[in-house]
Amino acid sequence: GGVAINAYASATFRNSIVADNGFDISGDAYADFTLIEDDSQATISGANNLIGADPVLGPLQDNGGPTLTHLPDPTSPVIDAGDPAFTPPPDFDQRGIGFPRVAATAPDMGAVEGELPPNIAIAPDPLDFGIQKVGETTAPQSVTISNTGGLLDVSTVSAAGGAFAAAGGTCGGTPFSLADGESCTLDFTFTPIAVGVDSLNITLTSNDSDGPDSFLLTGEGALGELDITPDPVDFGNVTVGSTGGPQSATLENIGVVDVVVNAIDAPAAPFAAAGGSCGVPPFTLAPTATCTVDYTFTPAAVGPATQALDVTSDGSTSPDPINLSGTGVGTPTIGLSTNDVNFGTISLGVGGTALVTLTNTGSVALDVASITDPAPPFSLTFGTRGAALCASPPFTLSASASCDIQVGFDPAASGAYVSSFDILSNAPSSPDTVNLQGSAGEAIAIPTLGRWGLVLLGGVMGLLGWLGLRRRGTS
């Protein structure tokens with residue numbers, strides 16, 4: 001039965017539910033924030049009531065607390081329909097401690113707070129692992145599953161796969177449940193199997209009416225990339241038998257993840273390793289990091305030489321070459337007709353000259369930068385005897401070419417003289433020295449002939465001429 005009110009009584013209902021009684025109220029009553037399912041025999045005054053509505057209550061059962069109760073269904077119209085100005089409300093509903101009287105924004109109508117519908121929240125979405133090196137696994141990262149409503153029952157979570165793997169978490173295995181305000185985590189890792197962006201959608205099935213719910217796992221696989229400069233490592237011209245360098249090849253990681261250099265080919269003659277900052281493989285270069293590998297070049301023969309050394313790494317362009325190049329060149333060699341010029345003894349006022357022949361006996365051009373002047377009375381003359389005389393320095397002689405240096409000796413006084421001059425060039429023997437010496441004696445005396453002496457000389461000359469004519473005539 002319901003509530004019967006006689007003509008001499010009155011009744012007031014607030015934040016209440018009167019339902020499922022055949023007739024619920026008969027007579028006059030005042031109601032406020034109350035659900036009355038059947039008011040056919042009643043006169044109800046008041047406001048904010050739900051008249052003729054089904055309260056959608058669960059069965060009378062143990063819903064917690066010392067007494068049996070009807071728990072409003074999450075779809076019940078009584079949820080949050082009580083008086084919001086009821087101040088202050090009791091701490092707990094009829095069931096007592098652990099069951100707040102206001103579970104959401106306002107008290108429910110009736111004696112117990114109904115269950116709110118579960119409300120799942122997932123964060124972050126997407127779960128972005130960022131950039132990760134191909135083949136390497138990230139640390140686990142978490143997606144948090146939260147509930148802000150009635151009991152959330154998660155029945156399944158779709159499996160991870162491909163580059164993504166489940167890695168535990170506080171939620172445990174499925175199924176699992178979350179009460180209002182509770183949360184747990186699902187952990188995942190990312191191991192990219194290729195360069196580029198990868199993603200996977202994970203789906204959760206639960207009793208949330210908006211489900212199924214899902215979130216996205218995403219990440220990008222990447223590899224380091226080596227850039228080697230200069231290309232080639234060029235030693236230019238190096239004289240045969242001498243060593244050029246060291247010169248450096250610079251390795252730079254221009255990728256976005258580390259690159260591990262596992263091996264670098266060893267050079268063969270005429271190239272040789274000469275250290276550098278990279279050290280012995282294996283070694284690692286972080287993004288933008290650089291190091292150097294140093295080499296030398298010692299040509300054993302004239303001509304070009306090249307070599308390619310492979311740098312093997314886990315970078316995207318491996319193997320990468322270090323290209324070495326250089327050219328062996330011969331040496332200019334000075335050949336002198338003499339290194340000692342001796343004018344002997346000459347008379348004053350007569351003077352003398354000598355030639356020193358300079359020959360390029362090497363295989364490349366001889367560059368003569370300068371020739372020093374000897375001390376007087378010695379002197380050098382250039383460029384006055386046509387092509388045979390050496391030009392005034394600087395000048396160049398091609399391989400096997402030669403020219404003459406004219407040396408003069410013109411003393412002004414008697415005595416012995418010694419000096420030298422140096423030839424400065426690009427020959428390994430430079431400077432090359434020519435030593436000079438000579439002596440000066442008294443001037444030659446020429447006697448003076450008188451008149452009869454001249455007549456006698458003329459007669460002798462005439463006789464010699466007659467004898468020469470007779471010899472030609474008889475022969």
Practice problem: Kindly indicate, with the supporting measurements, whether the criterion side-chain contact (heavy atoms from CB on, under 4.5 Å) is fulfilled by Ile202 and Leu217. | Solution: CA-CA 7 Å; Ile202 301 294; Leu217 304 177; 3.9 Å; yes
Exercise. Specify the closest pair of heavy atoms between Ala139 and Phe129, including all atoms of both residues, with the distance to one decimal.
Key: O-CE2, 4.3 Å
Quiz item: Should the heavy atoms of other residues, nucleotides or ligands under 6.0 Å from CG of Leu68 be counted, would the total exceed 12?
Solution: yes
Exercise. Let me see the working for Thr189 and Thr138 under side chain to side chain donor-acceptor pair (under 3.5 Å), right down to the final yes or no.
Key: CA-CA 6 Å; Thr189 59; Thr138 65; 5.4 Å; no
Quiz item: Rounded to the nearest 0.5 Å, how far does CG of Asp125 lie from OG1 of Thr218?
Solution: 11.0 Å
Quiz item: Which atom pair, heavy atoms only, marks the closest approach of Pro124 to Ser142?
Solution: CD-O, 3.6 Å
Quiz prompt | Pairs meeting criterion salt bridge (Lys or Arg N to Asp or Glu O under 4.0 Å) with involvement of residues 85-109, two or more places apart | solution = Asp93-Arg95, Arg101-Glu113
Quiz item: Taking it one step at a time, do Thr243 and Thr298 satisfy side chain to side chain donor-acceptor pair (under 3.5 Å)?
Solution: CA-CA 4 Å; Thr243 298; Thr298 307; 2.8 Å; yes
Exercise. Check the pair Ile17 / Thr34 against side-chain contact (heavy atoms from CB on, under 4.5 Å), numbers first and verdict last.
Key: CA-CA 6 Å; Ile17 300 172; Thr34 295; over 6 Å; no
Quiz item: What distance do Glu37 atom CD and Ile51 atom CD1 have between them, rounded to the nearest 0.5 Å?
Solution: 11.0 Å
Self-check item: Close aromatic pair by centroid cut-off 6.0 Å: Phe190 and Phe164
Solution: yes
Practice problem: Step by step, work out the side-chain contact (heavy atoms from CB on, under 4.5 Å) result for Thr69 and Gln94. | Solution: CA-CA 9 Å; Thr69 54; Gln94 175 180 313; 3.5 Å; yes
Quiz prompt | Where at least one partner belongs to residues 41-76, residue pairs that pass ring-ring contact (aromatic ring centres under 6.0 Å, His included), sequence neighbours excluded | solution = none
Self-check item: Partners meeting salt bridge (charged side-chain N to carboxylate O under 4.0 Å, His left out) with Asp180 (sequence neighbours left out)
Solution: none
Self-check item: Minimum-distance pair of heavy atoms, taken over all atoms of Pro72 and Gly114
Solution: CD-CA, 3.6 Å
Practice problem: Specify the closest pair of heavy atoms between Gly362 and Ala399, including all atoms of both residues, with the distance to one decimal. | Solution: O-CB, 3.4 Å
Quiz item: So Phe271 and Phe297, would you call those rings parallel, tilted or perpendicular, with 30° and 60° as cut-offs?
Solution: parallel
Quiz item: So, for Asn207 and Leu151, which heavy atoms are closest and what is the spacing to 0.1 Å?
Solution: ND2-O, 3.0 Å
Quiz item: Do Thr185 and Thr170 have a side chain donor and acceptor closer than 3.5 Å?
Solution: yes
Self-check item: Shortest non-hydrogen contact between Pro246 and Ala274, atoms and distance
Solution: CB-CB, 4.0 Å
